[in-house]
Amino acid sequence: MGQEQKKTGAIILAAGKGTRMHSDVQKQYMILKGKPLILYSLEAFEESPVQEIVLVVGVGETETVKKNVLEKECFKKSVTVVEGGRERYHSVYAGLQALSACGYVLIHDGARPLITRDIIYRAIEGARKYQACVVGMPVKDTIKVSDEDGFSEKTLKRAKLWQIQTPQAFSYDLARSAYDWIMEDMSRQEGVTDDAMVVEKWGGPRVKMIEGSYENLKVTTPEDLVVAEALIGRRGNLK
Ligand code: CTP
Ligand code: MG
């Protein structure tokens with residue numbers, strides 16, 4: 001196996017607008033326990049076996065992020081900053097194009113600051129073993145499907161349901177082929193919310209579920225910030 005086949009790259013996404021947070025500062029740059037939210041993910045990947053990191057930021061934000069986030073830290077690994085696009089999948093595609101040749105790629109929402117080295121490790125193992133995997137957790141609530149009028153249409157079998165998180169990890173060639181295919185035609189992009197869906201639509205191999213953590217939440221709405229800060233604080237105390 002050549003060196004680049006063994007290499008693992010990570011794409012950290014921070015090009016979203018954070019509309020559901022309703023804040024002046026974009027959520028990825030909000031200060032959580034003294035640090036910009038995006039820095040938690042960068043540090044976790046910096047301490048992981050991943051060799052290269054691509055950070056995807058909003059249009060026109062590259063220089064500000066370099067100056068305000070990256071240059072204040074001393075990262076041992078190469079961190080390339082690129083601009084994302086309108087939808088999450090545009091940003092992922094920009095990240096895939098910016099990564100240098102590698103065997104595996106991990107795609108992570110920068111809005112999940114509670115990612116750990118262990119989860120990253122399990123995702124890498126999953127990609128090596130299954131070519132395509134996502135981290136997630138079994139759902140705790142009962143999930144119902146509602147009809148157009150807001151009445152319960154059916155109840156899904158909870159034992160089979162997982163809430164999906166990131167990282168989502170793939171053999172690079174597989175992810176690249178699936179994304180190349182989806183980017184060719186807009187009709188293929190409808191309703192795509194994660195990377196596993198892209199692989200599924202493309203007709204790739206089965207995507208394996210890997211255990212994440214209930215703590216690995218995505219900071220989406222204001223109450224998520226309260227929970228994330230509490231969990232980060234508890235972690236700090238445990239250290
Ligand atoms: N993301 C991205 N590019 C986009 C949209 C989203 O890089 N065009 C990233 C976000 O920065 C985030 C992750 O994808 O790290 C998950 O997206 P989400 O939680 O939906 O964040 P936002 O899109 O920023 O928030 P909202 O949907 O509330 O606007
Ligand atoms: Mg979004």
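Below, each value reflects all heavy atoms present in this structure, side chains not excepted, and no hydrogens, waters or symmetry copies. One-based numbering, in listed order, for ligands and for the atoms of each.
- No hydrogens or angles considered: nothing links the side chains of Ser171 and Asp173 as a donor-acceptor pair under 3.5 Å.
- A cation-pi contact links Lys140 to Tyr214, judged by a cut-off of 6.0 Å to the six-membered ring centre and 45° from its axis.
- Tyr89 and Asp194 share no donor-acceptor pair across their side chains, judged by distance under 3.5 Å alone.
- Listed by chain and residue number, the protein contacts of ligand 1 are Leu13, Ala14, Ala15, Gly16, Lys17, Gly18, Thr19, Arg20, Lys27, Gly85, Arg86, Glu87, Arg88, Ser91, Asp109, Gly110, Ala111, Lys218 (heavy atom within 4.0 angstrom).
- For Lys35 and Tyr40, the positive end sits near the middle of the six-membered ring, less than 6.0 Å away and at most 45° from its axis.
- The closest side-chain heavy-atom distance from Thr166 to Arg112 is below 4.5 Å.
- Between Glu153 and Lys144 there is no salt bridge, since no side-chain N of the basic residue sits under 4.0 Å from a carboxylate O of the acidic one.
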